[in-house]
Amino acid sequence: MRRILIVISVVIMLFASLSANASEDRATTIKELIKRLDSDKEFLRSSSAYALGEMDAKESIPQLQNSLKDPEWTVRVAAIDALRKLSARESSPEIAKMLGDKTAYVRESALIALGELGSKESVRTMVRLLKDENDTVRYAAIFVCGKLGVRESIANMTEIMRTNDRIARLLAVHSLAELSARESIPELTRMLSDTDKSACAYAAYTSGQIGAKEMIPELTRLFDNNKEDEEVRKCAAYSLLKLGENKIMTKAIKLLAEKYKRYSDAFFDSMIDKEFFNLISNETNSGEIVSELIKLLGDKDRYVCIIAARCLGELGATEAIPELTKLVEDKNRLVRARAVIALSQLGKREMIPELLKLLRHKDTYLCSITVRELQRIKANEAIPELKRLLKDVEDVVRAWAIFMLGKFEAKEMIPDFRKLLKKESGFVRAWLIFTLAELGDKESIYEITKMLNDKNDLVCNQAVLALGKLGAKDAIPELLKLQTVASMTNSTIVALGRLDAKEIVPELKKILREKEDNELRKSAISSLAELGATEVIPELLKIVRNEQYLMHKSQIDFLEKKYSGAEIHLMDVLYRAGINEIRKNAIYALGKMKSKEAIPELLKLLNDRDMYIRGWSAISLVELGEKDKITTQNINDIKLIWRQGGDDASDDATIARETLTKLGVGD
């Protein structure tokens, strides 16, 4: 492995020398790299192969295939890695031959590449590698067999569950879930009694994934008898709900409430918790659980009340309105806020007078929640009250009033907003700029341009974004000057993309390949989509494929060391936390660029483990004219993006709402 790291470090120097010699001519650089694949120096051959993969040099595929026969294993690994990055599916048969290589790193790399390429070449060999003498190869084989749906591996996976190799056992359980392998039920049942709590939790989760109803008694026992282990109980409860055991609903909600006490809304960021919550608020179960949820609104544990209120709002349970209305005056501010959200979700306009009263509440947090919810239900009656709040002594209240007047499209306020720009605090001025842009006030462009050099960074940042939103092309020269200011880079990139400043495309392409700064990459992807730079579609497809793959080399190396915390990494494989923002941007950009070649990839992602990935893939497929491929589950995923975005209060929520409209889906 040390030799590989040395080779990779040479790639940077190699790029630099080639750039100087080739006058930054890509074609000449690639030609020189291909030539170096035949060098008599091993480090030049391997570093050139890595570089060709990084450059997306598809013209080098034939030569890289030849490098698979190189006598040095470092070169063979580099060639496999490059072909993987190039998505060279036509190379799968040649890569599959590497599964029999004498060097473990080569076998491991070949497995990873075939998994990422979606190739089932040499399935028998993959299954054989489940018993490889090298740990990392075995771990990779287990993961890849699950990823590729190699059902021939199920018997071996079941055997692995009986071994003493903890990491292999956990990976096997994960893969059996991917394979929906009911044949593993006897072993999964035994694992529910395992002293290793991570293994126990894995087995519990997997039983629900494969629909093992015969495991319900054991799962119930597990849930009831593991009071000290929250993760085990949560996985057991998840599977019981998934298997239709709604009688544990109350206990499940109380379990969620225990975690909510520690992490508040942040706990919904965990994938398993999102899936858990969705099961509880599943509309197909509503008739059975609404009455139980209403009872829980009166629970002494107010965090139980919060979870129940959220579920009732998501379910559209109008029969809960009387009880939720009482909670608006609850002593707990989180309960009050959740009650307001639930009432607005239920869409009853008769609640507007009560909500308007809350705008005078001394709790500014509750005021902000109420304003947002009034806007969501389009309660224009709130406008006079919002105007009154412009005189509030608190900056945050005035800022929220300005923001929400913009959301209510109160264009009559534009003259007043312009006047306030000259005397308000920096924080409030930033929101004034944002709101003027949202209202499309082009007459304020001159004033906003002057604020590009404001001493307050927040004001500068909003000025940049506002100019992009308002289509202020005359401001492009000033915005280009800001490219050297680190704190302004992301906003400037987004603004210039919106202004169709195509002169920045070359720079954006470089940023897209700059993995050290993910925020820059996200902004670059968004602007490349705005600019219609379809030449980056292959790069976007690589992001969609490569960043989905979790068991890459560094992870396997980590597992090989068998750190005591290895299970944390493994849990991440099973319970991915939220969406990868770069991947999400790439998925959406492919739809916006009308990339037909992305359709097969996006169709696969409709069944991804991450609900946000599923949702954004569905959004892009609708953009690509593939509405007939969208399922009820995908529609629910899009709804989640809309709701989590604040019901049209963010760009993501707006995009989701527009997609639901195209699908003919109401609130």
Side-chain angles (χ1 to χ4, degrees), residues 99 107-108 111-112 114-115 119-222 226 231-232 235-236 238-240 242-243 272 550-551 555-556 559-560 562 566-567 569-575 607 609:
L99 295 176
R107 299 196 298 277
E108 170 200 329
L111 279 165
I112 291 171
L114 292 170
S119 171
K120 288 190 178 182
E121 294 284 345
S122 300
V123 164
R124 288 184 180 179
T125 306
M126 286 184 190
V127 174
R128 179 172 54 79
L129 291 178
L130 291 170
K131 298 181 179 180
D132 195 271
E133 61 186 15
N134 182 276
D135 284 356
T136 62
V137 175
R138 289 201 307 278
Y139 300 155
I142 294 168
F143 189 81
V144 170
C145 282
K147 180 181 175 68
L148 294 177
V150 179
R151 296 194 64 78
E152 296 89 333
S153 68
I154 291 175
N156 293 72
M157 297 277 198
T158 305
E159 285 182 25
I160 290 169
M161 290 171 66
R162 302 188 191 109
T163 68
N164 293 322
D165 187 333
R166 181 172 183 271
I167 294 172
R169 292 173 70 216
L170 296 177
L171 284 171
V173 176
H174 166 255
S175 287
L176 287 165
E178 296 281 350
L179 293 164
S180 299
R182 290 184 57 79
E183 300 93 319
S184 64
I185 288 175
E187 284 304 319
L188 286 172
T189 303
R190 277 192 283 273
M191 195 175 278
L192 292 181
S193 301
D194 203 293
T195 54
D196 182 339
K197 294 304 181 183
S198 290
C200 189
Y202 262 52
Y205 179 84
T206 299
S207 61
Q209 294 293 89
I210 65 176
K213 289 197 172 187
E214 51 268 70
M215 292 178 68
I216 287 175
E218 285 299 309
L219 288 168
T220 302
R221 176 193 60 76
L222 193 68
N226 280 272
E231 201 63 34
V232 170
C235 288
Y238 170 83
S239 285
L240 285 167
K242 197 169 183 70
L243 295 170
I272 179 66
L550 293 166
M551 191 54 64
Q555 290 177 310
I556 292 176
L559 294 174
E560 183 183 20
K562 297 185 179 178
E567 64 268 18
H569 224 62
L570 287 165
M571 292 299 278
D572 186 52
V573 173
L574 188 55
Y575 312 135
N607 297 308
R609 185 177 293 280

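What's counted below: heavy atoms across the whole structure, side chains too, no hydrogens, waters or symmetry copies.
The shortest distance between side-chain heavy atoms of Val173 and Tyr205 does not fall below 4.5 Å. Taking 4.5 Å as the limit, every side-chain heavy atom of Glu108 sits out of range of all side-chain heavy atoms of Leu111. A heavy-atom distance below 4.5 Å is not found between the side chains of Ser184 and Thr206. Contact of the Leu176 side chain with the Ile210 side chain is not registered, since no non-hydrogen atoms from C-beta on lie closer than 4.5 Å.
The CG atom of Leu114 lies 4.5 Å from the CE atom of Met126; values are rounded to the nearest 0.5 Å. The distance from the CG atom of Leu219 to the CD atom of Glu214 is 10.0 Å, given to the nearest 0.5 Å. Remark: Cys145 SG to Ile154 CD1 distance equals 10.5 Å, nearest 0.5 Å. Taking CZ from Arg182 and NZ from Lys213, the interatomic distance works out to 10.0 Å, rounded to the nearest 0.5 Å. The CG atom of Leu243 sits 6.0 Å away from the OG atom of Ser207 when rounded to the nearest 0.5 Å. Note that CZ of Arg107 and CG of Leu129 are 7.0 Å apart. Values are rounded to the nearest 0.5 Å.
Proximity of a side-chain donor or acceptor of Thr163 to a complementary backbone N or O of Ile160 within less than 3.5 Å is detected. Although no hydrogens or angles enter the test, the distance criterion places no donor-acceptor pair under 3.5 Å between the side chain of Arg138 and the main chain of Leu130.
Contacts of Lys197 classified as side chain to side chain contact (heavy atoms under 4.5 Å, CB included), with partners at least two apart in sequence or in another chain: Asn226, Glu228, Asp229, Val232. Taking the salt bridge (Lys or Arg N to Asp or Glu O under 4.0 Å) definition, one finds that Glu121 meets it with nothing, sequence neighbours left out.
Looking at every heavy atom in both residues, Met157 comes nearest to Ser175 through CE-CB, 3.6 Å. Smallest separation of non-hydrogen atoms from Ala236 and Leu222: CB-CD2, 4.0 Å. When all heavy atoms are compared, the tightest approach of Ser239 to Ala204 is OG-O, 2.5 Å. Across all non-hydrogen atoms, the minimal contact from Gly115 to Lys147 is O-CE, 3.2 Å. Contact detail for Gln209 and Ala177: the closest heavy-atom pair is CB-CB, 4.3 Å. In terms of heavy atoms, Ser198 sits closest to Asp196 at N-OD1, 3.0 Å.
Electrostatic pairing of Glu187 and Arg162 counts as a salt bridge here, judged by a charged N lying under 4.0 Å from a carboxylate O. Note on Lys120 versus Glu152: no salt bridge recorded, every NZ/NE/NH1/NH2 to OD/OE distance being 4.0 Å or above.
Taking the six-membered ring for Trp and the full ring otherwise, the centers of His174 and Phe143 sit less than 6.0 Å from each other.
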